[in-house]
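Notes follow once the structure below has been shown.
We're numbering straight along the sequence, starting at 1.
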Amino acid sequence: MGRTARRTDTGLFGPGSVTWRVHTEPILWVAGLRALYLQSLYPRVMRATYQNSALFDRKRAWARFLRTAEFVTVRTYGASAEVERAAARVRAIHAALTGYDPDTGETFRLDEPGGLLWVHCAEIDSYVDIARRSGALRTDADADTYVAESRRAAEVIGIPGEDAPASRAALADFFAEIRPKLYACTEARRGLVHSFHPPLPWKLAPLRLGVPSLNVLAFSSLPGWARRLYGVPALPASDLATTATLRMVRQATGILPRPEIPTQA
């Protein structure tokens, strides 16, 4: 880990948590992309994002992406008051916006419970899957602990803690139950294509050379059923290759500086 700063309030998790340890890993940027691809398969969530979010406005998308990354950082490492302020802003935005579902003709709120739970589960499944396959999480017990800790993150955005899965098995059960509702709508396919041409600011333009490889790795790490919903075949050999690549990428990024995180005073 990198340098540490001492304080008395360590927020949702704390220095002894699996969450703090895992989120110092650069490989989790792959997990963030995987989460976006997985979240997009729930049509109401994807359409609400498409209809309301700056992510699809090339002039504002990069700033919107950075705000999302900053929220995850604050939620993970922030003091209690910081976490609550950030979460309150997210809850207020969700409560104020609506989406339109052409499948049902309904207008719905962005903070409807089913959508919030789906976004949470897709995010946590992506983090824990990438961390486990890359070696950032070394045991299944640590992976389950990470998922159990994530209930605290669910609560701050308005999901009752008991509704969020507390283990990888519970996550698998959640996905098995919800899969009949999932498909790659037009907006999801547009989002997938859009992700390969991100509107990076000019000073980060060289990063565009690495974006396709990163996106392919994130997409290939999706569950086989999710890739098939996008119309891409899923073969066991490709899963093994993806896992091997994740381990190599983690090893290669091990030399990068880690973020400064607090320790308890």
Main chain of [Y], side chain of [X]: is a donor-acceptor contact present, judged purely on distance under 3.5 Å?
X: Asn52; Y: Thr98; result: yes
X: Arg250; Y: Ile27; result: no
X: Glu82; Y: Ala79; result: yes
X: Tyr127; Y: Gly32; result: no
X: Asp101; Y: Thr107; result: no
X: Arg228; Y: Pro233; result: no
X: Arg227; Y: Ala234; result: no
X: Ser238; Y: Leu235; result: yes
X: Trp118; Y: Gln39; result: yes
X: Arg132; Y: Arg138; result: yes

Steps toward salt bridge (Lys or Arg N to Asp or Glu O under 4.0 Å) verdict (Glu84, Arg91): CA-CA 10 Å; Glu84 178 51 33; Arg91 294 195 303 267; 2.6 Å; yes
Report yes or no: do [X] and [Y] belong to one cluster of Ile/Leu/Val/Met/Phe/Trp/Tyr joined by side chain heavy-atom distances under 4.5 Å?
X: Leu33; Y: Val216; answer: yes
X: Val45; Y: Phe108; answer: no
X: Val74; Y: Val119; answer: no
X: Met46; Y: Leu110; answer: no
X: Tyr42; Y: Leu116; answer: yes

Distance, nearest 0.5 Å, that separates [atom1] of [X] from [atom2] of [Y]:
X: Arg151; Y: Asp163; atom1: CZ; atom2: CG; result: 8.5 Å
X: Leu222; Y: Asp125; atom1: CG; atom2: CG; result: 9.5 Å
X: Arg168; Y: Thr145; atom1: CZ; atom2: OG1; result: 12.0 Å
X: His23; Y: Thr76; atom1: NE2; atom2: OG1; result: 4.5 Å
X: Ser167; Y: Asp140; atom1: OG; atom2: CG; result: 11.0 Å
X: Leu217; Y: Leu214; atom1: CG; atom2: CG; result: 6.5 Å

Check against side-chain contact (heavy atoms from CB on, under 4.5 Å), Arg133 and Thr242: CA-CA 9 Å; Arg133 293 169 71 181; Thr242 296; 3.6 Å; yes
I'd like to check [X] versus [Y] (side-chain heavy atoms, cut-off strictly below 4.5 Å). Are they in contact?
X: Leu97; Y: Arg109; answer: no
X: Pro160; Y: Glu155; answer: no
X: Ile93; Y: Val90; answer: no
X: Leu192; Y: Ser40; answer: no
X: Val193; Y: Arg189; answer: no
X: Val30; Y: Arg34; answer: no
X: Tyr77; Y: Thr24; answer: yes
X: Thr104; Y: Arg44; answer: yes

Taking atom types as modelled, is there a side-chain donor on [X] or [Y] under 3.5 Å from an acceptor on the other?
X: Arg190; Y: Tyr50; value: yes
X: Ser134; Y: Arg247; value: no
X: Ser80; Y: Asp9; value: yes

Which atom names give the shortest non-hydrogen contact between [X] and [Y], and what distance separates them?
X: Trp20; Y: Thr10; answer: CZ2-O, 3.5 Å
X: Tyr230; Y: Tyr37; answer: OH-O, 2.7 Å
X: Leu117; Y: Ala164; answer: CD1-CA, 4.1 Å
X: His120; Y: Ala154; answer: CE1-CB, 3.6 Å
X: Pro165; Y: Leu171; answer: CB-N, 3.7 Å
X: Asp239; Y: Ser220; answer: OD1-O, 4.3 Å

Residues, nucleotides or ligands: over 12 heavy atoms within 6.0 Å of Glu177 CD: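 No, because the 6.0 Å sphere around CD of Glu177 holds 12 heavy atoms or fewer from other groups.
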side-chain hydrogen bond (donor to acceptor under 3.5 Å, both in side chains) partner of Thr19, the single match among Glu149, Arg152, Arg75: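 Single pass found, and it is Glu149.
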Pair Phe175-Leu38, side-chain contact (heavy atoms from CB on, under 4.5 Å): steps then yes or no: CA-CA 11 Å; Phe175 286 113; Leu38 187 55; 4.0 Å; yes
Residues which pass side chain to side chain contact (heavy atoms under 4.5 Å, CB included) with Tyr183, listed by chain and number, not counting sequence neighbours: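 Testing Tyr183 for side chain to side chain contact (heavy atoms under 4.5 Å, CB included), a comparison that skips the adjacent residues, returns Pro43, Arg47, Asp103, Cys185.
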From CA spacing to verdict: side-chain contact (heavy atoms from CB on, under 4.5 Å), Glu123, Val72: CA-CA 10 Å; Glu123 176 190 0; Val72 174; 4.1 Å; yes
